> 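Questions regarding the structure given below will be posed in turn.
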Amino acid sequence: MKSSFLRALLAVALLSLLALAACSGGDSEEASSEGESEGEESASESTGDNTLVFGRGADAQKLDPSQVTDGESIYVTQQIYDTLVDYEQEGTEVKPSLATEWEVSDDGKTYTFKLREDVKFHDGTDFTAEDVVFNFERWTESADFIYYGYMFGASEEDKGGIIEKVEATSDYEVKFTLEKPNAPFLSTLAMPPFAIASPDAVQEHGENYFKNPVGTGPFTFESWTQGDKIQLAKNEDYFGQVASVDNVVFRVIPDNGARFMELQSGSIDMMKGMNPQDLTKAEDNQDLQIFRRPSMNVGYMAMNTDKEGPLADKKVRQAINLAINKEDLIKLFEGLGKEAKNPMPPSLWGYNDSVEPYGYDPEKAKTLLAEAGYGDGVDVTLYTMSNPRPYMPQPKVTAQAIQQMLAEVNVNVEIVENEWETHQTKTQNGEHDMAFLGWTGDNGDPDNFLYVLLDKDNAKKGSAGNIAFYKNDEVHDLLTKAQTEMEQEKRVDFYKEAQKIIHEDAPWVPVAHTTPPVAAQSNVGGYIPHPTGSEAFNHITLE
């Protein structure tokens, strides 16, 4: 791809920001640090109370974490709920939370947890072992609880998946019995989707519970104006570290540039989803600070292998990989990303660095297309989300770059852009030929990438985590063996072999691993971005 095209795309992105500034009555230079007036109030100061205002590009879908896979929902629910075990503040080592200690049987099939006895849900009801049982039984009742199926292999045929039963052995002890050992089980329990909800609230609100969440977490739910903001209040009775801020407001500001201008003006305290072009401005602004989230993610373009047509042919998928110049493409990330070659990040154990990237070879791509019977050209759709994601800060510009690159090998791409929730629905249903998506690791285990995103078990239309609908029995065998193998060294071998096969079959074009920035006012303290993509805000201070 010619560098002039890249420059043109970047120029378009910059002009869009400048136009937005003009429409807002602002000036791009005045929005920088030099143009800010002395004594400008922060968001918390202007509201007159100790409120943290957090800006983001899209709204939550639901506030029931067991029913969602999107980061915007989890970012909020992590403030409201607790899990049995949690991750350390800067990594994925497991620590106590609602459970204070646990024992694992010698055969790896029984986990017994001692629970805290000083915890109440936000509705005033006591937390006990029966509440844990209620939640896990609830998650087996419907395919709506997507993550339960992803992580525990549950389905309509096998309701509980690998979890045979969950029992309350006393008021404050709960025992899990598994059908077979599951190496990532303890880490999986720390994931936000397995947070414990108040049974009374679930039963009271029924199908509307997702709009009326009740957990045990550091913040209580106050209100939700959909498409605008979600308001939370400090839980004064929290068993852990009580929050320093009194309130948290999550505001939806869809455009990256507009959100950044609000940060500069002081009307919000923190934001995620930055245009790469704005990162330098933020770093040069003495009134702002930048936090880099440790990279445990992947952004990718999935190819629907289940549809009749060219993408069902491995040679066509390999040709598309060869036709994309990753070195040029990654320039659109402007320092926020590194080229990806595997479907999991190199920061995880089990990463296969011996896999050779496809490289950029348009002539070989044309040869493969001809061998597959598509020498005269291919017409495909590329579905992209309209709003930025942590693993893809400029999805539309990235789609246009790929469109241009593939045109050079006679692969004609129609870009279909949708809002985030619609994009998720359409891709989970398999409506696309190709589609952008990405994943931020939930538990620090390769299983959470390879099994969730590329195993045949998760290629079910309507709830697919595997939106390439890729089904390879050898990969499935390796991934399920890795789940039941308790020795990490042996698991590494399984995962490395699976990555080799996946690379050859090419269901994806892995695009990038990113270090997503979070920008904040200089008075924000105590914030540590977690590699899983979200964190509780009870450690944050406003100085």
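It should be emphasised that the depicted structure is a prediction, and the values quoted were computed from it without experimental measurement.
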> Taking NZ, NE, NH1 and NH2 as the nitrogens, is one of them in E497 or K500 under 4.0 Å from a carboxylate oxygen of the other?
yes
> Would you call K315-E371 a salt bridge at under 4.0 Å N-O?
yes
> Between D376 and N410, does any side-chain donor sit less than 3.5 Å from a side-chain acceptor?
no
> Decide, yes or no, whether a salt bridge links K331 with D328 under the criterion of side-chain N to carboxylate O below 4.0 Å.
yes
> Honestly, is R389 close enough over W420, meaning NZ or CZ under 6.0 Å from the six-membered ring centre and within 45° of the axis?
yes
> Distance under 6.0 Å and angle within 45° of the ring axis: does K229 meet both against F54?
no
> If we ignore hydrogens and angles and just use 3.5 Å, is the side chain of Y358 paired with the main-chain N or O of V509 as donor and acceptor?
no
> So among Y300, F449, F469, which one has a ring-ring contact (aromatic ring centres under 6.0 Å, His included) with W508?
Y300
> Please list all pairs meeting salt bridge (Lys or Arg N to Asp or Glu O under 4.0 Å) that have one or both residues in residues 198-214, counting only residues at least two apart or in different chains.
none
> Name the one of H423, E419, E417 that satisfies side-chain hydrogen bond (donor to acceptor under 3.5 Å, both in side chains) with S386?
E419
> Do K456 and D477 meet the salt-bridge criterion of a basic N to acidic O distance under 4.0 Å?
no
> Sequence neighbours left out, what pairs pass ring pair (Phe, Tyr, Trp, His ring centres under 6.0 Å) with at least one residue falling in residues 372-405?
none
> State plainly whether the residues R491 and D445 are in salt-bridge range, i.e. N to O under 4.0 Å.
yes
> Run through T69, N418, D70 and flag the one making a side-chain hydrogen bond (donor to acceptor under 3.5 Å, both in side chains) with Q424.
T69
> Applying side-chain hydrogen bond (donor to acceptor under 3.5 Å, both in side chains), name anything that partners K426, two or more places apart in sequence or on another chain.
E431
> Does the pair R56/D59 count as a salt bridge with the N-to-O cut at 4.0 Å?
yes
> State yes or no: are the ring centers of F194 and F145 separated by less than 6.0 Å?
no
